[in-house]
Amino acid sequence: QVSLVESGGGSVQAGGSLRLSCVTSEYIRDWMAWFRQFPGGEREGVAAIYTGDSDAEYTPSVKGRFTISVITAGRRGPNTMYLQMDNLKPEDSAMYSCAAVKTWGRSRLSQGSYTYWGQGTQVTVSS
């Protein structure tokens with residue numbers, strides 16, 4: 001069983017930046033992703049990355065503002081996935097969660113595609 005722990009959320013004014021982190025309990029060579037959930041809404045895929053080669057995908061609303069990255073401790077240590085969020089907007093306010101291990105053939109930005117989930121970290125952007 002893989003555990004994921006997020007950190008880095010908080011409150012910021014519009015135009016500001018935050019960096020989210022997600023640390024895994026063990027080595028993962030698979031897709032990982034960031035999702036966000038608005039109050040009363042479904043989870044939306046924000047960005048996904050393959051830990052093996054850092055191939056990445058973004059949802060259109062964050063392209064050019066958010067950057068996803070991942071590092072691995074040593075050859076097969078835990079992974080740390082980041083989401084650098086710049087030029088934040090009030091509409092980016094949400095609970096952000098990380099996910100790992102994608103079902104083969106499923107969409108990289110669909111919440112139903114992933115096996116493991118973190119608890120989430122809140123991001124609030126004020127205007």
Side-chain angles (χ1 to χ4, degrees):
Q1 188 79 6
V2 177
S3 64
L4 308 174
V5 179
E6 303 102 331
S7 61
S11 297
V12 65
Q13 289 192 325
S17 297
L18 284 173
R19 188 175 80 159
L20 306 182
S21 301
C22 172
V23 181
T24 66
S25 59
E26 61 186 69
Y27 175 70
I28 292 176
R29 187 177 177 88
D30 206 304
W31 284 90
M32 296 181 66
W34 287 100
F35 287 78
R36 61 187 179 186
Q37 187 166 19
F38 307 106
E42 292 188 355
R43 275 179 178 152
E44 172 190 62
V46 176
I49 190 166
Y50 185 70
T51 63
D53 60 9
S54 294
D55 184 22
E57 180 175 338
Y58 297 88
T59 194
S61 63
V62 307
K63 274 185 180 178
R65 300 189 299 122
F66 292 10
T67 304
I68 191 171
S69 61
V70 65
I71 61 172
T72 300
R75 290 178 59 85
R76 293 182 65 85
N79 310 93
T80 302
M81 178 177 65
Y82 299 100
L83 186 67
Q84 176 67 42
M85 305 186 292
D86 299 316
N87 190 21
L88 281 160
K89 304 176 181 180
E91 51 264 40
D92 293 318
S93 297
M95 178 68 74
Y96 285 72
S97 300
C98 63
V101 184
K102 188 181 74 66
T103 301
W104 187 85
R106 299 288 297 271
S107 168
R108 297 165 186 173
L109 295 179
S110 172
Q111 67 169 340
S113 301
Y114 290 87
T115 302
Y116 302 106
W117 290 84
Q119 292 300 308
T121 184
Q122 180 68 39
V123 171
T124 303
V125 185
S126 57
S127 57

I want to check something: taking the side chain as every heavy atom from C-beta on, are E6 and L20 in contact at a cut-off of under 4.5 Å? no
Pairs in or reaching into residues 98-112: which pass side-chain hydrogen bond (donor to acceptor under 3.5 Å, both in side chains), with residues at least two apart or in two chains? E57-R108
Pick one: which of T51, L4, I49, D30 meets side chain to side chain contact (heavy atoms under 4.5 Å, CB included) with N79? T51
Of all heavy-atom pairs between A100 and I28, which one has the smallest distance, and what is that distance? CB-CD1, 3.6 Å
Heavy atoms of A14 and P90 approach each other most closely as CB-CD, 4.1 Å
Same cluster (ILVMFWY, side-chain, under 4.5 Å), V70 and L18: yes
So CZ of R36 and OG1 of T59: to nearest 0.5 Å the spacing works out to 7.0 Å
Within the structure provided, determine whether Y116 and Q1 are in side-chain contact (heavy-atom separation under 4.5 Å). yes
Under the salt bridge (charged side-chain N to carboxylate O under 4.0 Å, His left out) definition, can you give me all pairs with a residue in residues 58-83, not counting sequence neighbours? R65-D92
For residues W34 and Y114: do they belong to one hydrophobic cluster (side chain heavy atoms under 4.5 Å, members Ile, Leu, Val, Met, Phe, Trp, Tyr)? no
Are any side-chain N or O atoms of D55 and backbone N or O atoms of Y50, one a donor and one an acceptor, separated by less than 3.5 Å? no
ILVMFWY cluster, M81 and Y96 together (side-chain gap under 4.5 Å): yes
With no hydrogens and no angle check, is any side-chain donor or acceptor of S93 less than 3.5 Å from a backbone partner on V125? yes
Is the number of heavy atoms from other residues, nucleotides or ligands within 6.0 Å of CD (Q119) greater than 12? no
Under 4.5 Å between side-chain heavy atoms, counting indirect links through other Ile/Leu/Val/Met/Phe/Trp/Tyr residues: same cluster for Y82 and V62 or not? no
The complete set of side-chain hydrogen bond (donor to acceptor under 3.5 Å, both in side chains) pairs with one or both residues in residues 10-19, sequence neighbours excluded, reads S17-D86
With a 4.5 Å cut-off on side-chain heavy-atom distances among I, L, V, M, F, W and Y, is there a chain of contacts connecting Y58 to L88? yes
Flag side-chain contact, heavy atom, 4.5 Å: M32 against T24: yes
